[in-house]
Colleague: 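Got a structure for you, questions after.
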Amino acid sequence: MTTERRLADGIVAALASLQIPIELQEVQLVRPVRPEHGDWSTNAALVVAKSAGRAPREVAGDLAAVLQAASMDDVVAVEVAGPGFVNFRLANSWLHQALREVIEAGTKSYATPELGGGERVQIEFVSANPTGPLHVGNGWLGSYGDALGRVMSRCGWKVKREFYVNDTGGQIRLLGESLLARRRGEVVPEEGYQGEYVTQLAQDYEGSDDIVEAGRFASEAILRNIRATLDRLDIRFDDWYSQASIEESGQVAETIEIFRQRGLVYEADGAIWLRSTEVGDSRDRVLIRTNGDVTYLAGDLAYHRDKFLVRKFDRVIDIFGADHHGQVASLKAGVAALGIESDKLEIRLGQLVNIVGRRMSKRSGNFIKLDSVIDEMGADATRLLSLLNSIDQATTLDLELVKRRSMENPVFYVQYAHARIASIDRKRRERGIERIPISEAKLGLLVHDRELELMRCLVDLPRVVGEAAKERAPHKVTNWVRLLAGEFHGFYHDCRVLSEEVPPELTQARLWLVEGVQIGLAIALDLLGVRAPEAM
RNA sequence: GCCCUCGUAGCUCAGGGGAUAGAGCAUCGGCCUCCGAAGCCGUGUGCGCAGGUUCGAAUCCUGCCGAGGGCGCCA
């Protein structure tokens, strides 16, 4: 049983013996930032003071007294501090025990909090239109979606990744027109696709002058290109779902029919409308246009019906760029109208990635290609950089700076820590030093501040992974791994593992500590989709 | 005009009810007879503004100011 668990149980028992009712959600047991606040701290007294009708510090005093009397393992002091916090001071042995748990669990099982309960969740992301190469923003949200999938999988969700291919409609026709114009050596219409890749494709195209055929040719070629780029970042999908296929399968018509049966469809101005205002939208939306084409929304609603009612996902997470947030209200409304609990559809909006002094637009061809960024920085750096920040925050990227100074990019810092660990092990074998089993190692020798700090850091990983999953915030894993790497570099500087001056027993203990760190690094880097190199 | 998101250090960003708000970069200064200096150590400035809720607000609420995005029978 973890120390955290034992303390939490102790607090609950202590409050019960004091006959104080608990509001569980509010009671927290955390590791305080400041060392003088102990190893663990609870706000329980602050939270229950009101309902108990007593002063927080008074409750805290009673609570501390009971906890002190319980004399739990490793607990050397229970103190009241500040407005009514109860702080636990523990013997270092709790950290040595924690290190044992890390080693025993290993890369596979450590930090695998069971939170998802086997819930089947689909994450749909990137879903870039096959009308041009991926840009930096696609890579950003692609890395996010993939890492979120990894984090949630680790926490017990059954995750499927999906790319929705917008392979039909006006934009594909426009792409076909642009291609044909290029082939004829004419200028591309102003609203068409101007990018150079269209010229390239026009040279390869040997088909007819039919716009649909040309458009299909171009979009298929572009989609292959998109997949290749995503492969470079190790972003892989379980399914590539075609918008054209859902229209051809009749599911769009079926979906519209369902709306009709529910009295949510009417005709006006020659088009067929969804009365989405009935279910929370700000205005009604067109489902079938005057020319007979179904709208993107109609297809998207059929697609979501398929996700929930045909393929029976318990939860769907759609990841859109902030420029698509206009479609959120109607999508949510439409899904609700299909009788699907709207909480089951989560839409995460990623703020846009700005490049210094440039505005990105696919049609004008003025955007930074994801491929060129990977060429410059490498896949690992691109992924880690994408996962540095919350997607709620618009980020501004200075590509020149990133390219020129690798120090701007923390990927090297983190990978270097892993490479140094591998290097220690190589050196150990060179010197013919045999490892002893952890059961025989004297972990109690690990008392240096650097060593203790590393173990504290490792203790936090399960909570960090769990928060990253619950909050859909994989960047929390990035923050943690940077912290761990920093602590490791400090340790490496101050504490030699292999040296004439270090007693053999301490070397053995430190080898196990280093292995624990390696496990932590490997778990975190894997969640982020970044390689953990043996050497660099 | 209406709606959404966001304003934290010179720059890029963490922290999103908890105790004295952090990191990297940039600046300046130290550290390699010793497991990899892609490293370590030191150096100071900040929560857009004003109210409110709370024992406690950078965090929640309201208003204002500023930035970005959205408001199509495009996707």
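Just so it is clear, the values below take in all heavy atoms, side chains as well, and ignore hydrogens, waters and symmetry mates. Letters A, B, ... mirror the listed sequences (proteins, then strands); counts begin at 1.
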Colleague: Quantified in whole Å, what is the C1' atom distance between nucleotide B/rU43 and nucleotide B/rC47?
Modeller: 23 Å

Colleague: Provide the distance between the two P atoms, one in B/rU27 and one in B/rG39, to the nearest whole Å.
Modeller: 15 Å

Colleague: Taking atom P in both B/rG63 and B/rG1, what distance in whole Å separates the two?
Modeller: 15 Å

Colleague: Reckon A/S282 touches a base, only the sugar-phosphate, or nothing at all at heavy-atom distances under 4.0 Å?
Modeller: nothing

Colleague: For A/Q243, which contact category applies under a 4.0 Å heavy-atom criterion: base, sugar-phosphate, or nothing?
Modeller: sugar-phosphate

Colleague: Report which part of the nucleic acid A/P56 touches: base, sugar-phosphate, or nothing (heavy-atom distance under 4.0 Å, all strands).
Modeller: nothing

Colleague: Rounding to the closest angstrom, what is the interatomic distance between B/rU53 and B/rG10 at atom P?
Modeller: 32 Å

Colleague: Any donor-acceptor pair under 3.5 Å linking the side-chain atoms of A/E162 with those of A/Y303?
Modeller: yes

Colleague: Students often get this wrong, so: under 4.0 angstrom with heavy atoms, is A/A271 touching a base, only sugar-phosphate, or nothing?
Modeller: base

Colleague: B/rA75 base to A/Q327 side chain: any donor-acceptor pair below 3.5 Å?
Modeller: yes

Colleague: Confirm from the modelled atom types if A/T295 and B/rC73 form a donor-acceptor pair under 3.5 Å, side chain to base only.
Modeller: no

Colleague: Classify the nucleic acid contact of A/R34 as base, sugar-phosphate or nothing, counting any heavy atom under 4.0 Å across all strands shown.
Modeller: base

Colleague: May A/Y413 be described as stacking on the base of B/rA38, applying a 5.5 Å centroid limit and a 30° limit on plane angle?
Modeller: no

Colleague: Taking only the P atom of each, what is the distance from B/rU59 to B/rG51 in whole angstrom?
Modeller: 14 Å

Colleague: Sticking with atom P, work out how far B/rC55 lies from B/rU5, rounded to a whole angstrom.
Modeller: 28 Å

Colleague: So what does A/A329 touch, heavy atoms closer than 4.0 Å: a base, only the sugar-phosphate, or nothing?
Modeller: nothing

Colleague: Identify whether any heavy atom of A/A419 sits under 4.0 Å from a base atom; if not, whether one sits that close to sugar-phosphate; answer base, sugar-phosphate or nothing.
Modeller: base

Colleague: OP1 or OP2 of B/rC73 sitting under 4.0 Å from any side-chain N/O of A/R283?
Modeller: yes

Colleague: At less than 3.5 Å, do the side-chain atoms of A/T478 and the base atoms of B/rA14 form a donor-acceptor pair?
Modeller: no

Colleague: May I ask you to say what A/N389 touches in the nucleic acid, namely base, sugar-phosphate or nothing, with a heavy-atom cut-off under 4.0 Å?
Modeller: sugar-phosphate

Colleague: Heavy atoms only, 4.0 Å cut-off, all strands: where does A/S499 land among base, sugar-phosphate and nothing?
Modeller: nothing

Colleague: Should B/rC32 be called syn or anti, with syn set as within 90° of 0?
Modeller: syn

Colleague: OP1 or OP2 of B/rC40 versus the side-chain N and O atoms of A/R450: is any pair under 4.0 Å?
Modeller: no

Colleague: Using the aromatic ring of A/H475 (for Trp, its six-membered ring), decide whether it stacks on the base of B/rA14 within the limits of 5.5 Å and 30°.
Modeller: no

Colleague: Mind checking which stems touch RNA chain B? I mean at least 3 consecutive Watson-Crick or G-U pairs, both distances under 3.5 Å.
Modeller: B:1-7 with B:65-71, B:10-13 with B:22-25, B:28-31 with B:39-42, B:48-52 with B:60-64

Colleague: I need the CG-C1' distance between A/L46 and B/rG17, as an integer number of Å.
Modeller: 11 Å

Colleague: Within the structure shown, what part of the strands sits under 4.0 Å from A/A535 by heavy-atom distance: base, sugar-phosphate, or nothing?
Modeller: base

Colleague: Does the ring of A/W512 carry A/R435 above it, NZ/CZ under 6.0 angstrom from centre and within 45° of its axis?
Modeller: yes

Colleague: What's A/E36 touching, base or sugar-phosphate or nothing? Going by heavy atoms closer than 4.0 Å.
Modeller: base

Colleague: Looking only at the side chain of A/N479 (C-beta and beyond, no hydrogens), which of the listed nucleotides B/rA14, B/rG18, B/rA75 gets closest?
Modeller: B/rA14

Colleague: Salt bridge or not for A/D380 and A/R383, using N-O below 4.0 Å?
Modeller: no

Colleague: Suppose you measure atom P in B/rG15 against the same atom in B/rC32; what distance do you get, rounded to whole Å?
Modeller: 38 Å

Colleague: Counting only side-chain heavy atoms from C-beta out, which of B/rG24, B/rU20, B/rA14 sits nearest to A/Q393?
Modeller: B/rA14

Colleague: A/K476 side chain N/O closer than 4.0 Å to the phosphate oxygens (OP1, OP2) of B/rA14?
Modeller: no

Colleague: Does the distance from a Lys or Arg side-chain N to an Asp or Glu carboxylate O, for A/R472 and A/E346, drop under 4.0 Å?
Modeller: yes

Colleague: Does any N or O donor sit under 3.5 Å from an N or O acceptor when you compare the side chain of A/H325 with the base of B/rG70?
Modeller: no

Colleague: Among B/rC40, B/rC35, B/rG70, find the nucleotide with the atom closest to the side chain of A/V497.
Modeller: B/rC35

Colleague: Per the atom types in the model, does the base of B/rA19 pair as donor or acceptor with the side chain of A/N87 at under 3.5 Å?
Modeller: yes

Colleague: Give the nucleotide from the list B/rA19, B/rA37, B/rA14 with an atom nearest to the side chain of A/S390.
Modeller: B/rA14

Colleague: Looking just at side-chain N and O atoms, do A/Y241 and A/D306 make a donor-acceptor pair shorter than 3.5 Å?
Modeller: yes

Colleague: I'd like the C1' distance from B/rG48 over to B/rA9, given in whole Å.
Modeller: 15 Å

Colleague: Starting at NE2 of A/H418 and ending at P of B/rG39, how long is that distance when rounded to a whole Å?
Modeller: 17 Å

Colleague: Categorize A/D293 for me: base, sugar-phosphate, or nothing, with a 4.0 angstrom heavy-atom threshold over every strand shown.
Modeller: nothing

